[in-house]
Structures are given as structure tokens and as C-alpha cells.
There are 2 protein chains.
Amino acid sequence: MGTVGKALDLLDLFTRVEPQLGLSQIARASGLNKATCHRLLTELESRGLLEQVGPAREYRLGPAVLRLSALREAAVPTREAAMPLLRRLAEATGETAHLSHIVAGRLQTLAFAYASLGGVKVMMEDADFLPFDATASGAAVLAFHADPEPLIAAARDVEALRDRIAVCRGKGWAETVSTFEKDVHGLAVPLFDAAGHATGALAIAAAAPRMTPELHKTIAQELMRAGAEITGLWGGQLPDAIARLWHP
Amino acid sequence: MGTVGKALDLLDLFTRVEPQLGLSQIARASGLNKATCHRLLTELESRGLLEQVGPAREYRLGPAVLRLSALREAAVPTREAAMPLLRRLAEATGETAHLSHIVAGRLQTLAFAYASLGGVKVMMEDADFLPFDATASGAAVLAFHADPEPLIAAARDVEALRDRIAVCRGKGWAETVSTFEKDVHGLAVPLFDAAGHATGALAIAAAAPRMTPELHKTIAQELMRAGAEITGLWGGQLPDAIARLWHP
DNA sequence: ACCATCGGTTCATTATTTGAACCAAACGGG
DNA sequence: CCCGTTTGGTTCAAATAATGAACCGATGGT
């Protein structure tokens, strides 16, 4: 990993919880020398990826990322294209739907949609990373990923993850109950790229107490239907094993 | 400019017109050696800022930019906060409204809104750069910018730009007629940061044939009102000179 | 008045970046 | 069918840029 990688890694230090960081803070968190950090930060700032604000001269994500994002969506409307389907899925199931995506070895939340009516809902945050070993989405992607082993091995609870992956390979969808968050029942299906490898997941996070066999069946069916559609929208291809499970 | 800067400059080669580029193409466009390019691109890809697709292994902007953008908007809702005002401005004037922003020495389109009814409208593209010397927005920002000289000097038509800047300093808004695009009448006001320096612009692009003295007056008034509001939303401060011009 | 921390800078040492030359694989005429 | 040209990608000695301990002035709390 070269200098560029180190600089880009600094961007990951900025989170929703800590959106602004000082120089010393960044140096400590990254393990880099303060002078090195300063040079990298200055360079990121000169291109607008970061900006420096206030009398404390703290750094935060800059306006250039907005442009890159708009450009990406114009070229590959990953999010925009899937949003209508995601909303419909939330409505059809009455629960919270969300979409995630493997980026650089991590599972990134892309978008989510709440059902318009109903009482208790599972709330979500955008731009977060999901743990592979505690989410149905994680198991779903890895079950059909091109190279899952390193990601599985890196998980905290490898055994439970392998179990869930095996279930997903057999049924076409993955499931978790109260692992990531208490009282949340998760169901997920993988999404595929043009080569037929899973690169994302579509999931429903339902309030566990509300789950019934009928609702479970509805959710699984809707997920498979929407999963096939989004895969198609993204120019992906369902592998034979999945096509058989989803369209029996 | 170090290695990181060179890598980040590569991101600018991806445009709406050419969203996917091959290695040789990028090397030629950037002037860097092919091997150097390849290393930088690989490093950008490893962090998800770029991705490589298809049998031709072309590069395009990657999904990580979506996360950064979501994080930025969560921390500093520049775009979201201004959108309602932008839409209201478009409605109130019946013309196309847009918002831009200085990022790393260039004027970047942040957002725009069309009036809901009416015939001819000026169309816009997101994530583009506006020339300082051919847009009302450019003159408006530079008229109250902290360090305008280098940006003015770099413009193609320096004289016309200086004239427009002088007008803007006197009136509080800038104007262009059919400079950027034919039959487009532009009016713009600067937007200010906490230090009272202009960092952005709010503008109306009107269909020139439709312009009347009354409409002109409406647009100028609405711009100044909305400009003050957005500046406030962004935590900015109107300089005295502008406060006097806008709230007589 | 003191100590700790902050953001930022300096400069000799060191490690990384650089790029001409080199693959193998496609592609497009003649 | 072959030859010239392009593609994406790799190699490695030479050149250059990154590194980090020590330093500075300013700020803030005790």
C-alpha cells in the first residue's frame, strides 16, 4: 500500500459520529506521523476532498465528494435505479428495506426505505458498514461471493456465519434473528453482477415480535422478486442455482 | 504537488461525457507514464473510489464516492438544506434556479431546480464546472471572494469579467446576457461563509426573450432574499456592503 | 507561572515513486 | 493469414519524493 492508499484511508476516519477531526487526532487514529498526516491532509484538501473549518482548523469531508457522487450516479445509477423497487418492497412487506453493497471488502449501506404506515419500525443510518457475521445481508453476499474465504475468516463469529451461509446457499435467502440489533429479524437475498457473483444484498429488517410464518413467507417471496429485478437493473446475471431457487 | 495529488487529479478525467476510461487513455490524458498511472489507478480502486469493469477493464468512478457524499451531507447538509429554497426561488421567478460553489479553485454546480410550469426552460447539468468569465455566478463569487485575483487572471475574457465584477460590487448582483449560452439571461448573487467571504453563488438562468424590466426586478429581489437565507443556513455572514445593498 | 496540548514546520535520512523497455493478448486491415 | 498497431499490465535500476524526530509559537487549563 503506497502513499495514495494511506491518504485515502484517512477519509475513513470521518464518520457520522465524528465528522470533524483535528490534526493530532487524525495522526493518533491513523498511526501516522503528524507531519506525514499534515501533508496528506493538505493534499486531500487541495482537491476539495476535505476542507478545513473553524478557528480550531479541524478537517471534515469536502464538497468535491458531492460532485464525484453525482457523476457516479449519472454514469451508473445504482442507487437511483433501485430506489423505487426498494420503496415498493418496504410497502409490500410493511417493514424496513435496505440495500447494501461490497466496497473494498466491506459491506456498505447504499440506501434504505421505510414502510409509510405502521407503528414500530427498524431505523437505519446511511453510509454505514454492516458486519458480515451479524447480518442477514452479510451471509447472503458471502454465500455467492466470488472469493468469500478471506472475508469469512476475518469475521468475529466465523461458525455462525458459516452456518448462515450454508442455509442461504440451500434456500436462496439468509436469515438472522436479534444478532445485529435486539428484536430485529433480518431476511436478505444476494444481488449479482454480470459474472453471476454476489456483490450486494437486499434485505428486510423486521420487528421481531411482529414476525409470523405468513409474514416470513411474504417477505421471502418479495425479496426474491425484487432481488431478481434489481440484479437485472444493475446489469447482473442470476446464477443457475439461484434462478432455480427463486423461480421454481 | 505530491503523489496523492496526482492520483486525485485522475478522478477529474471522468466526466459525464466520458464516464469510463481505459488505462492508455488515462495515461495520455494525464501526461503520466502508463506504469505510474496503473499504480495510482490500482490504489484508487483498492479503496473503492474507482472500479474496473467489463472485458476491456476500463475504469470508472466507484461506489465509495456515494458513501463519502452521504457522510458529507449528513455532516454538512449544504445541498439538502438549500434545496427547498432553491425550488421556491424557481417557482417564484418561473425560471431555472441553480446553486454553485467554489471547490479547489473551480466553480462547481451543486444543485438546480426548474420551475414546475411554463414553456421554455434553461436546462442544466449537475456536477459541471462553470467558467468564471461567462457566467453571472462566476462574477458574483469573485466580486466578494477572499482572494479573487489569481482566479480572475486565469480567466479567458479578463476584461469583461472585471466589468461584471465591478457591477456586482456596486449593485449586489451580477448579470450576463447570452455569454455562456445563447438566449440565456443570467442573474446571480454571491453566498458567504462565516468570515464574510463569498464561496458560492445563487443564480437564475432565464430565457432571454422573456426578460422584461418587471421580471428582472422580481428576479433580483428574490435572489437577494434567498441569498441571504441560504447564507444564513450555511452559517455564513453577509458583509456590511452587501447587507446595505440587499436590505435597503 | 506552569505544563500539556494544539496546529504546523524543518530537514537529514530513507523508502517509494518513476518510466523506458518489455510482455502477451486483441484488433484491424491488406 | 499475417503483420502492424493497439490494448492492459509488469519489471527494475535510477531518481525523487515521503518520512518522522525535533522544533516552534499559540492556546487553554490548573
Side-chain angles (χ1 to χ4, degrees), chain A residues 1-15 17-62 75-76 104 146-147 193-195 197, chain B residues 1-15 17-62 75-76 104 146-147 193-195 197:
Chain A
M1 167 213 37
T3 318
V4 177
K6 283 178 205 159
L8 297 181
D9 284 341
L10 295 184
L11 296 178
D12 271 345
L13 300 176
F14 298 87
T15 63
V17 180
E18 290 196 302
Q20 292 192 194
L21 303 168
L23 172 61
S24 299
Q25 214 172 150
I26 293 173
R28 238 173 295 131
S30 65
L32 297 172
N33 184 284
K34 203 168 51 162
T36 304
C37 258
H38 181 254
R39 195 171 34 78
L40 297 178
L41 291 168
T42 304
E43 220 146 355
L44 289 167
E45 195 211 352
S46 75
R47 301 310 197 275
L49 284 183
L50 292 179
E51 67 182 4
Q52 228 175 344
V53 284
R57 318 221 63 195
E58 286 188 315
Y59 297 87
R60 69 178 178 201
L61 290 173
V76 196
D147 181 24
D193 64 12
H197 298 131
Chain B
M1 164 213 39
T3 318
V4 177
K6 284 177 205 159
L8 297 180
D9 284 341
L10 294 184
L11 296 178
D12 272 344
L13 300 176
F14 299 87
T15 63
V17 181
E18 289 196 301
Q20 293 192 193
L21 303 168
L23 172 59
S24 298
Q25 212 171 153
I26 293 173
R28 236 173 294 132
S30 65
L32 297 173
N33 184 284
K34 204 169 50 161
T36 304
C37 259
H38 181 253
R39 194 172 37 78
L40 298 178
L41 291 169
T42 304
E43 222 147 356
L44 289 167
E45 195 211 351
S46 75
R47 301 312 198 273
L49 283 186
L50 292 180
E51 67 182 4
Q52 226 174 346
V53 284
R57 321 221 62 195
E58 287 188 315
Y59 296 86
R60 70 179 178 201
L61 291 173
V76 197
D147 180 26
D193 64 12
H197 298 131

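From a predicted model like this one, the values you see are computed outputs, not experimental measurements.
Atom CD of Glu43(A) is separated from atom C1' of dG8(C) by 16 Å (rounded to the nearest Å). Atoms CG (Leu23(B)) and P (dA25(C)) sit 18 Å apart, rounded to a whole Å. Distance CG (Leu32(B)) to P (dT18(C)): 7 Å, rounded to an integer number of Å. As rounded to whole Å, 14 Å separates atom P of dT17(C) from atom CG of Leu41(B).
The two residues Tyr59(B) and Phe14(B) make their nearest non-hydrogen contact at O-CE2, 3.1 Å. Nearest approach of Leu10(B) to Ser30(B), heavy atoms of both residues: CD2-CB, 3.6 Å. In terms of heavy atoms, Ser46(B) sits closest to Ala104(A) at O-CB, 3.2 Å.
Side-chain contact check for Leu8(A) versus Val4(B): every heavy-atom pair is 4.5 Å or farther apart. Within the 4.5 Å cutoff, the side chain of Met1(B) has heavy atoms near those of the Asp9(B) side chain. Side chains of Leu32(A) and Leu40(A) form a contact here, defined as non-hydrogen atoms less than 4.5 Å apart. At a threshold of 4.5 Å between non-hydrogen side-chain atoms, the residues Leu23(A) and Cys37(A) count as touching. Contact check for Leu11(B) versus Leu50(B): side-chain heavy atoms found under the 4.5 Å cut-off.
For residues 44-61 of chain B, proximity to DNA chain D is found at Gln52(B), Ala56(B), Arg57(B), Tyr59(B), defined as any non-hydrogen atom under 4.0 angstrom from a strand atom.
Nearest-nucleotide mapping onto DNA chain C: of Gln25(A) and Met1(A), the residue sitting toward the 5' end is Gln25(A). Ranked by how close their nearest DNA chain D nucleotide is to the 5' end, Ser24(B) and Val4(B) are led by Ser24(B).
Not one N or O on the side chain of Gln52(B) forms a donor-acceptor pair closer than 3.5 Å with the backbone of Glu45(B). For the pair Gln20(A) (side chain) and Arg60(A) (backbone), a donor-acceptor distance under 3.5 Å is absent.
Between Arg28(A) and the phosphate of dT5(C), there is no side-chain N or O to OP1/OP2 separation shorter than 4.0 Å. His38(B) has a side-chain polar atom (N or O) that falls below the 4.0 Å cut-off from OP1 or OP2 of dT10(D). Note on Thr36(A): every side-chain N or O is 4.0 Å or more away from OP1 and OP2 of dA18(D).
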Pairs under 3.5 angstrom, nitrogen or oxygen only, protein versus nucleotides 13-16 of chain C, please.
none

## Note on the structure
For nucleotides 22-30 of chain D, 5' to 3', base contacts (B), sugar-phosphate-only contacts (S) and non-contacts (-) with protein non-hydrogen atoms under 4.0 Å give ---------
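Expressed to the nearest 0.5 Å, how far OG1 of Thr15(A) lies from CG of Leu21(A) amounts to 7.0 Å.
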